[in-house]
Amino acid sequence: MKQVLICASLLGSLLVFAQEKDSTALKSIDEVIINTYVKKDSDYSNKMPLKAIENPQVYSSVDKVILENQGIFTVDDAFKNITGLQTMWTSNGRAGDGGAYVSLRGFVSSNSLRNGVLGAVTSTIDAVNLEKLEVLKGPSGTLFGSLLTSYGGVINRVTKRPFETFGGNVSLAGGSYETYRAAVDINTPLTNDKKLLFRLNSAYTNEGTFQTEGFKRNLAVAPSLSYKPTDRLSINLDMELFQMKSMSDQTFFFYSGKYLQKVNNIRDLNLDYKNSYLGKDLTNTGRSINFFGQVQYKISNSITSSTNFSSSSSYSDGFMPYLYFMGDDATSMYRSDQSTRDSRKKSINFQQNFNGDFKIGSLRNRVVLGFDYLRVNNSQNFYDVNGFDKNAAGESVPVPLHQPGFNYTNFNGAALQSMYNGMAGNEKPYLISGIQENYAVYLSNVLNITNNLNVLMALRVDNFNNKPGADVADGKKMNQTFFSPKLGVVYEVIKDKVSLFGNYQNSFKNLSYYVDGSGATNTPLPEQANQMEGGIKTSLFNGKVSSTFSYYNIKVKDVLRNVPTVEAPNAQIQDGTIVSRGVELEVNAYLVKGFTAIAGFTYNDSKYTKADPSVLDRRPNTSGSPYLANLYASYQFLDGKLKGLGFGVGGNYASENKIYNSADGVFSLPSYVVLNASAYYDTKRFRIGVKVDNFTNERYWIGYTTANPQKLINAVGTVTYKF
């Protein structure tokens with residue numbers, strides 16, 4: 001815990017330093033610039049407006065100006081600013097599950113929410129229409145359900161909305177690895193009374209690779225329409241199209257085998273970092289289309305109705321090559337593919353919320369009463385070649401890693417398609433089909449017992465129906481009802497400046513049928529996670545220095561674990577337990593005029609406390625790195641001849657990541673420090689910016705039980721014209 005004490009000491013030093021500054025001078029700074037770095041309050045973490053200082057839930061956020069100053073084009077890249085978040089897998093466009101995956105508090109999470117409702121995207125999410133990125137920490141099933149959340153947290157995109165004046169910008173960018181991009185943001189009122197407003201954000205990006213083969217081409221189109229016929233009624237309609245044609249990032253998998261006794265770190269393999277080990281035309285086309293509708297009506301001065309509808313559709317078709325290790329030899333690998341063909345997943349979400357802010361006696365109540373319906377229709381079709389390289393007997397064989405002159409390009413689109421053509425009629429596809437429906441009612445109330453003390457109480461009743469397709473092996477219907485509570489307490493030691501908080505949060509997951517040791521089929525209970533958390537929040541100097549320090553303990557129970565028997569080799573029992581505990585520290589500071597900093601540090605200790613003997617008391621291989629840190633500091637000239645010139649530097653640290661962690665072997669990705677820098681000149685009519693990512697040329701890997709090499713040093717410049 002030495003790192004924790006050091007970071008706590010740094011936080012104290014920052015606050016003392018800030019206290020010594022003239023707060024009157026700080027108040028005179030341009031509020032527009034200040035507010036781009038001050039931590040924003042959230043309307044979504046508890047489905048009601050709450051100040052960060054009075055919110056018992058921990059969340060991180062970063063807005064569009066920070067992303068613009070850093071030259072960030074995608075939500076995936078924006079994650080580096082979120083304390084405690086580690087990217088594990090980048091987007092590959094595959095229908096249903098192709099989006100980016102991250103680790104939060106030791107658990108896997110993914111993009112799922114947009115403005116608080118369903119907004120899943122399985123391809124790369126362009127940041128062209130992103131107003132703010134929020135990450136709500138901990139199990140959040142009480143207000144968001146089980147299908148859109150993870151035990152570690154929830155990712156919510158807050159998008160740009162139309163405004164009442166004509167304006168916008170056009171930008172062009174270009175840089176390393178054949179990167180080029182064009183983007184546009186146009187806003188205009190459509191009526192003279194400015195009640196009907198329209199905004200369009202769109203971008204096209206081409207990106208090459210630092211390896212021998214690979215590319216990504218992304219198109220984003222996001223129109224938005226806003227209509228406010230009266231002061232009480234507003235209507236918003238939005239659409240998002242994200243289309244991606246790409247060759248998926250190089251991915252190595254690591255399966256059990258004696259090779260794990262010879263190597264235990266990705267660097268032990270002596271891989272050629274710049275070699276993709278693949279040929280041409282191994283491409284995939286992915287597409288996500290989302291529609292959103294919202295009607296807000298002010299019933300009275302204290303009660304508001306919000307009716308929300310969203311639909312999400314993903315599609316993919318093409319190759320998904322991957323590489324893996326198994327067996328005895330660590331000097332050779334296997335090459336394989338899992339393709340999708342006309343694969344689809346469609347979801348709809350209807351949500352009705354009634355928000356109230358009123359007093360009962362002398363006690364203030366902020367209430368949300370909601371109904372939520374979610375329907376997911378799966379029609380995902382996976383086809384695979386289990387081993388591209390064969391011997392004369394048709395058995396899969398590995399290929400050498402280091403043989404000079406070996407032709408890795410023979411694993412290409414034409415050769416792979418020829419293999420699939422030869423299998424026609426004899427393929428055994430893996431299909432995911434059927435319909436899942438979820439009905440829920442939830443009630444949440446923030447009760448102000450005193451001016452400084454508030455208590456949040458919430459409860460969700462959730463009914464889950466699973467109707468698998470006829471082609472699914474365990475195609476049994478399931479109907480389960482579950483209750484999910486939440487409790488939070490906040491005491492503001494100094495009103496609006498310093499608060500102590502604690503929370504109990506719950507989430508859950510509906511599981512599939514399982515077979516016990518006798519071979520009988522059993523209906524599982526919902527797996528559930530319970531979190532206890534406490535900490536301190538500060539918001540000093542009119543919010544210019546804010547911080548959060550917390551300790552959490554998450555216990556996941558009723559986990560299915562393997563107990564193979566002679567009668568049932570795949571037998572399971574539902575008594576497994578995972579415990580994940582840790583600390584988080586986040587600081588957002590505007591210390592002196594023009595200088596800002598955002599910083600974070602987290603430590604997570606996650607392990608199986610009741611599990612298969614092979615993993616008992618070990619860290620799960622999907623938990624990511626135990627230690628994470630992030631920092632971004634920038635300075636902008638606000639006066640004089642250099643007014644508008646700014647520059648920044650930042651980076652991320654991650655400790656060793658055990659992507660295979662079992663009694664039969666351990667395999668790790670090494671720790672890394674990645675540093676980035678940016679500079680820009682911003683005026684009323686134009687902006688010029690440049691960024692250099694990974695300027696130390698660090699060779700590093702991320703992984704979700706996998707090893708995925710990341711970009712070497714790369715630079716991109718952007719020119720923007722504003723109107």
Side-chain angles (χ1 to χ4, degrees), residues 74-77 79-80 82 84-112 120-125 135 149-155 214 216 246 248-256 260 264-266 269 271 284 286 316 320-326 333 336-338 340 380 382 384 432 509 556 559 578 580 602 604 606-608 615 618-628 652 654-662 665-672 674 700-711:
T74 69
V75 171
D76 294 3
D77 200 14
F79 286 150
K80 65 187 178 185
I82 301 296
L85 183 151
Q86 182 178 24
T87 300
M88 303 176 73
W89 207 340
T90 55
S91 305
N92 60 30
R94 193 163 78 172
D97 65 352
Y101 287 86
V102 305
S103 176
L104 286 166
R105 296 191 170 183
F107 299 98
V108 178
S109 186
S110 61
N111 291 287
S112 55
V121 178
T122 57
S123 56
T124 297
I125 306 179
V135 178
T149 65
S150 115
Y151 300 149
V154 179
I155 299 169
K216 292 181 181 178
S246 67
S248 59
D249 292 342
Q250 183 190 69
T251 302
F252 290 97
F253 285 83
F254 299 88
Y255 304 131
S256 62
L260 291 169
N264 55 35
N265 190 290
I266 187 69
L269 296 173
L271 295 168
N284 174 71
S316 69
M320 286 287 168
Y322 64 94
L323 312 168
Y324 64 95
F325 292 87
M326 63 181 294
M333 64 179 174
S336 195
D337 174 72
Q338 187 179 71
T340 59
Q380 299 176 55
F382 301 97
D384 64 86
I432 300 177
K509 183 188 299 181
V556 183
V559 177
I578 300 173
S580 180
T602 62
N604 173 263
S606 183
K607 65 181 178 181
Y608 293 100
V615 296
R618 292 176 179 269
R619 184 175 181 83
N621 58 5
T622 58
S623 292
S625 301
Y627 293 94
L628 298 172
N652 295 81
S655 61
E656 179 188 25
N657 180 8
K658 295 179 179 179
I659 59 172
Y660 191 99
N661 191 14
S662 176
V666 176
F667 193 88
S668 299
L669 306 181
S671 63
Y672 60 81
V674 177
Y700 70 105
W701 288 261
I702 62 173
Y704 176 23
T705 73
T706 60
N708 307 65
Q710 299 302 291
K711 281 184 187 177

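These numbers come from the heavy atoms of this one structure, side chains and all, not from hydrogens, waters or symmetry mates.
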>> Holding to salt bridge (Lys or Arg N to Asp or Glu O under 4.0 Å), I want the full list of residues that pass it with Asp77, two or more places apart in sequence or in another chain.
In response: Lys80, Lys691

>> My understanding is that only residues two or more places apart in sequence, or in another chain, count here; which of them pass ring pair (Phe, Tyr, Trp, His ring centres under 6.0 Å) with Tyr660?
In response: none

>> Could you check, using the six-membered ring where one of them is a Trp, whether Phe253 and Phe325 have ring centers closer than 6.0 angstrom?
In response: no

>> Tell me if the aromatic rings of Tyr324 and Tyr255 count as close, with their centers under 6.0 Å from one another.
In response: yes

>> If the condition is side chain to side chain donor-acceptor pair (under 3.5 Å), which residues does Thr340 pass it with, not counting sequence neighbours?
In response: Ser316

> Residues in salt bridge (Lys or Arg N to Asp or Glu O under 4.0 Å) with Asp337, at least two apart?
Replying inline: none

> Can any side-chain N or O of Ser671 pair as donor or acceptor with the backbone N or O of Ser655 at less than 3.5 Å?
Replying inline: no

> Of all residues at least two apart in sequence or in a different chain, which pass the salt bridge (Lys or Arg N to Asp or Glu O under 4.0 Å) check with Lys509?
Replying inline: Glu527

>> If the condition is side chain to side chain donor-acceptor pair (under 3.5 Å), which residues does Gln710 pass it with, not counting sequence neighbours?
In response: none

> Do any N or O atoms from the side chain of Ser668 and from the backbone of Pro670 form a donor-acceptor pair under 3.5 angstrom?
Replying inline: no

> Partners of Ser246 by side chain to side chain donor-acceptor pair (under 3.5 Å), sequence neighbours excluded?
Replying inline: none

> With sequence neighbours excluded, what pairs up with Tyr700 under the ring pair (Phe, Tyr, Trp, His ring centres under 6.0 Å) test?
Replying inline: Tyr672

> Residues two or more places apart in sequence or in another chain: which of them pass side chain to side chain donor-acceptor pair (under 3.5 Å) with Ser91?
Replying inline: Asp76

> Who are the ring pair (Phe, Tyr, Trp, His ring centres under 6.0 Å) partners of Tyr608, not counting sequence neighbours?
Replying inline: none

> With Lys658, which residues qualify under salt bridge (Lys or Arg N to Asp or Glu O under 4.0 Å), at least two apart?
Replying inline: none

> What residues, two or more places apart in sequence or in another chain, satisfy side chain to side chain contact (heavy atoms under 4.5 Å, CB included) together with Arg618?
Replying inline: Asn661, Ala663, Val666

> With distance as the sole test, does Thr122 use its side chain to make a donor-acceptor pair with the main-chain N or O of Ala95 at under 3.5 Å?
Replying inline: no

